[in-house]
A.B. asks: 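Here's a structure for you.
This structure is a prediction, so every number in the text was calculated from the model and none was measured.
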Amino acid sequence: MHTFILACILYPQWIPHAQREIDAVVGQDRLPSLMDRPHLPYVEALVRETIRWRPAVRFGLPHQSTADDVVEYKGTEYFIPKGSIIFAVTWAIEHEQERFENHDVFQPERFLDDANNLKSDYETSAFGFGRRVCPGIPFAERTLWINIAMILWTFNIRKSEEPDPKTGLPFKYDDSDLAFNGESRTRHLNSL
């Protein structure tokens, strides 16, 4: 949810599109429900982009190769000896430039086709993969989806124009790691 709120603040241009879609399907007399999910492709694209843009886990669990192997990547073959410890770098997978143009920008449209339907080739490494994939993926995605849908139905999120009451300075919003653990603000306060 931190990622979604930060995306609302840093890239607010997509919010009206999502709210129009929700209003058209859900209306103003009830909250969104999971029954609405198939009818809200843009909200689904938001969930996918939220997971992709700032994956909660940067590295997957280490795996040990059980046999010598040769893998090809971008036309080059690599030998992986038996017993090698292998880490999947989720951040790099979810930000691969060939797969995700403008990979550092929050852009939900990347998951929609020209007719605004969800693309069917969705895969993510954010929950792991192979036999060690997280068994809670459906629960996590549904929970994220309903929270995002309800927040967009209920609130207009925007960055604050008010100064930080403790420092008198404008709030600084960024998408660095520091934005997620409070160090940016602490460092800023310590530099005063």
Side-chain angles (χ1 to χ4, degrees), residues 1-8 10-11 13-15 17-18 21-22 25 32-67 69-80 84-152 175-177 179-180:
M1 290 309 300
H2 284 114
T3 299
F4 171 71
I5 298 299
L6 185 62
C8 288
L10 294 179
Y11 301 99
Q13 63 273 14
W14 54 263
I15 295 173
H17 181 116
E21 181 184 75
I22 291 169
V25 171
S33 76
L34 289 171
M35 303 262 296
D36 299 313
R37 191 174 182 188
H39 310 290
L40 296 169
Y42 196 81
V43 176
E44 187 71 30
L46 286 170
V47 171
R48 292 177 180 186
E49 184 67 349
T50 298
I51 292 168
R52 184 210 65 82
W53 185 54
R54 302 287 303 183
V57 176
R58 300 296 178 99
F59 297 94
L61 292 172
H63 296 212
Q64 185 174 23
S65 62
T66 57
D69 198 2
V70 176
V71 296
E72 184 179 332
Y73 180 71
K74 294 186 179 183
T76 303
E77 289 187 346
Y78 297 91
F79 174 70
I80 301 174
S84 296
I85 303 297
I86 302 165
F87 285 89
V89 183
T90 306
W91 178 265
I93 294 168
E94 298 296 333
H95 284 79
E96 184 179 0
Q97 184 66 34
E98 292 81 23
R99 219 170 122 210
F100 301 108
E101 188 176 329
N102 300 318
H103 57 86
D104 286 333
V105 176
F106 189 88
Q107 193 174 18
E109 295 81 10
R110 73 178 79 243
F111 293 104
L112 300 171
D113 64 18
D114 293 337
N116 287 324
N117 296 313
L118 285 168
K119 292 179 181 175
S120 60
D121 61 349
Y122 173 67
E123 8 176 274
T124 181
S125 65
F127 297 104
F129 40 84
R131 68 177 195 220
R132 291 181 182 87
V133 68
C134 176
I137 293 172
F139 176 75
E141 287 183 338
R142 284 186 197 113
T143 302
L144 188 58
W145 188 93
I146 196 66
N147 280 299
I148 286 174
M150 285 189 178
I151 286 171
L152 288 170
D175 63 351
S176 70
D177 289 340
F180 289 86

A.B. asks: Mind checking whether Leu118 and Leu112 have side chains closer than 4.5 Å, heavy atoms only?
C.D. replies: yes
A.B. asks: Show the nearest heavy-atom pair for residues Val105 and Glu49, with the distance to one decimal.
C.D. replies: O-OE2, 3.2 Å
A.B. asks: Could you pull out the closest heavy-atom pair between Ala126 and Thr90, with the gap in Å?
C.D. replies: CA-CG2, 3.7 Å
A.B. asks: Considering residues, nucleotides and ligands other than Glu123, do more than 12 of their heavy atoms fall under 6.0 Å from its CD?
C.D. replies: no
A.B. asks: Which heavy-atom pair separates Gln97 from Asn102 by the least distance, and what is that distance?
C.D. replies: NE2-N, 3.5 Å
A.B. asks: Could you give the distance from CZ (Phe111) to CZ (Phe100), rounded to the nearest 0.5 Å?
C.D. replies: 5.0 Å
A.B. asks: Using every non-hydrogen atom in the two residues, find where Ile85 and Pro62 come nearest and quote the distance to one decimal.
C.D. replies: CG2-CB, 3.9 Å
A.B. asks: Around Arg99, counting heavy atoms of other residues, nucleotides and ligands shown, do more than 12 lie under 6.0 Å from its CZ?
C.D. replies: yes
A.B. asks: Between Leu152 and Phe4, is any pair of side-chain heavy atoms under 4.5 Å apart?
C.D. replies: yes
A.B. asks: Is the closest side-chain heavy-atom distance between Thr124 and Ile137 below 4.5 Å?
C.D. replies: no
A.B. asks: Rounded at 0.5 Å granularity, tell me how far CD in Glu96 sits from CH2 in Trp91.
C.D. replies: 14.0 Å
A.B. asks: Taking the side chain as every heavy atom from C-beta outward, state whether Glu109 and Asn116 have any pair of such atoms under 4.5 Å apart.
C.D. replies: no
A.B. asks: At what distance, to the nearest 0.5 angstrom, does NE2 of His17 lie from CD1 of Ile22?
C.D. replies: 10.0 Å
A.B. asks: Tell me whether Asp36 contacts the main-chain N or O of Ser33 through its side chain, where contact means a donor paired with an acceptor under 3.5 Å.
C.D. replies: yes
A.B. asks: How close do Pro108 and Ala45 get, heavy atom to heavy atom, and via which atoms?
C.D. replies: O-CB, 3.4 Å
A.B. asks: Heavy-atom count around Phe139 CZ within 6.0 Å, excluding the residue itself: above 12?
C.D. replies: no
A.B. asks: Using a strict cut-off of less than 4.0 Å between a Lys/Arg side-chain nitrogen and an Asp/Glu carboxylate oxygen, indicate whether Glu44 and Arg37 qualify as a salt bridge.
C.D. replies: yes
A.B. asks: Under a 3.5 Å distance rule, please check whether Arg52 uses its side chain to pair with a backbone N or O of His103 as donor and acceptor.
C.D. replies: yes
A.B. asks: Can you confirm whether more than 12 heavy atoms, excluding those of Glu101, are under 6.0 Å from its CD atom?
C.D. replies: no
A.B. asks: Please name the pair of heavy atoms, one in Met1 and one in Asn147, separated by the smallest distance, quoted to 0.1 Å.
C.D. replies: SD-CB, 3.7 Å
A.B. asks: Taking atom CG of Leu10 and atom CD1 of Ile5, what is their separation to the nearest 0.5 Å?
C.D. replies: 11.5 Å
A.B. asks: Assign the ring pair Phe106 / Trp53 to parallel, tilted or perpendicular, where the plane angle (0 to 90°) is split at 30° and 60°.
C.D. replies: perpendicular
A.B. asks: Side-chain contact, heavy-atom cut-off 4.5 Å: Leu6 with Tyr11?
C.D. replies: no
A.B. asks: Has Ser65 got a side-chain atom pairing as donor or acceptor with Ser84's backbone, closer than 3.5 angstrom?
C.D. replies: yes
A.B. asks: Roughly how far, to the nearest 0.5 Å, is the OG1 atom of Thr50 from the CG atom of Leu144?
C.D. replies: 6.0 Å
A.B. asks: Do Glu141 and Ile51 have side-chain heavy atoms sitting under 4.5 Å apart?
C.D. replies: yes
A.B. asks: Under 3.5 Å, side chain of Glu21 to main-chain N/O of Val43, donor-acceptor pair present?
C.D. replies: yes
A.B. asks: Is it true that a side-chain atom of Arg54 and a backbone atom of Ala7 form a donor plus acceptor pair closer than 3.5 Å?
C.D. replies: no
